[in-house]
Amino acid sequence: MRRKSGFTLLAVLILLGVFAYEYVLEEKEQTHIIVEGEKVKRNTNAYFLPTSTTGQIIHHNSYSLSYHEDHEQAEWVAYELKKSHLSSTNFKRPYFEVDKTVKTGAAHWRSYKNSGYDRGHLCPAADRSYSKEAHDETFLTSNISPQDHDFNSGIWNKLEQKVRYWAHKYDGVFVVTGGVLKEKMETIGEDAVSVPNQFYKVLIDNNNGPIKMIAFLIPHNDSDKPLHEFVVPVDEVEKLTGIDFFPELEDELENKLEASSNYKDWSFN
DNA sequence: CTGTAATGC
DNA sequence: GCATTACAG
């Protein structure tokens, strides 16, 4: 009797030891990840916000944006797309609303009417379908840009779907999207909303292994080319837009990641 | 999924 | 203006 309980105690102790050892290993790995991006995981939404060239950053509940009054649209829209955000829910499309939080006055949706261009979401409705409130919030005029319908439903839609695929595969990504806004562009409607000649998307992933980035720069035309042909270094988008995308990253890491147009870490399957 | 447009109240 | 329906890439 005594001998048996001795064995039991020993077995329990060994098991405890194994669990403790594994726990320490796990802790070590997590710490390692956090060190790479400092406070990255603590407040991702604020941490990854790009700089604004206009000084008008607006925080909505489900995404943030920097509004460019001259072009009557956002220069960037940024949000975290978590794996848990992905939803097959199909909410009914509401009407677009003028974003009243834009102090200089956001574009009116009538400026897009009969313009020949789509009201193209920058933050896609499908990326905020985890609640009706979040979904409907994407239908603000500060979140749209004039897009050719074939482009919007073609190559751009393909990219948006790929982002959702990556959010699922990599347990979330942080997304920044916008049109490249330049001095002279075609405009539409009474508000003279600029029609960008290129659109970009910049992604950063710090949830799955080593931190990684990827940037896309796509001409405002539909294309049959594979998406990976539109990959550019983040530096190139920064040069075109004047936006600094991840200013809070430690400089050495930021410089290294933003100079690369290597996409081997991102699965295109 | 991404959207526009016509119709009736 | 809002709701419903039809249609297209």
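Throughout, a chain's letter reflects where its sequence line sits, starting with A, and its residues are numbered from 1. The structure presented is a predicted model; accordingly, all values stated were derived computationally and were not measured.
Comparing B/dT2, C/dG9, C/dT4 by their nearest atom to the side chain of A/Y95 picks out C/dT4.
A donor-acceptor contact closer than 3.5 angstrom is absent between the side chains of A/N208 and A/D171. Under the 3.5 Å distance criterion, with hydrogens and angles disregarded, a donor-acceptor pair is assigned to the side chains of A/D118 and A/H149. In summary, the side chains of A/T101 and A/D99 do present a donor paired with an acceptor at a separation below 3.5 Å, with no hydrogens or angles considered.
To the nearest angstrom, C1' of B/dC1 lies 14 Å from NZ of A/K162. Rounded to an integer number of Å, the gap from CD of A/E160 to P of B/dC1 is 11 Å. Spacing between atom CZ of A/R93 and atom C1' of C/dA8 amounts to 13 Å, rounded to whole angstrom units. Atom NE2 of A/H149 and atom P of B/dA5 are 10 Å apart (whole Å). Here C/dG9 presents its P atom at 12 Å from CG of A/D222, a figure rounded to the nearest Å. The distance from atom CG of A/L227 to atom P of B/dC1 is 19 Å, rounded to the nearest whole Å. Whole-Å rounding puts the A/D224 CG to C/dG9 P distance at 14 Å.
In terms of phosphate contacts, A/N157 brings no side-chain nitrogen or oxygen within less than 4.0 Å of OP1 or OP2 of B/dC1. In this structure, A/K92 reaches the C/dT4 phosphate: one of its side-chain N or O atoms is under 4.0 Å from OP1 or OP2.
Annotation: A/K82, atom NZ; neighbour count of heavy atoms from other residues, nucleotides and ligands within 6.0 Å does not exceed 12.
Contact annotation for A/N90: backbone-only contact, meaning every heavy-atom pair under 4.0 Å involves sugar-phosphate atoms and none involves a base. In this structure, A/Q147 reaches neither bases nor backbone, as no heavy-atom distance under 4.0 Å exists between it and the strands shown.
Residues of residues 108-140 of chain A that place a heavy atom closer than 4.0 Å to DNA chain C, in numerical order, are A/W109, A/R110.
Side-chain heavy atoms closer than 4.5 Å link hydrophobic residues (I, L, V, M, F, W, Y) into clusters, and following such links, even through other members, never connects A/V180 to A/V193.
Cation-pi geometry between A/K83 and A/Y170 is not met at under 6.0 angstrom from the ring centre and within 45 degrees of the axis.
Side chain of A/W76 to main chain of A/F245: no donor-acceptor pair is present (N/O by atom type, distance under 3.5 Å, no hydrogens or angles).
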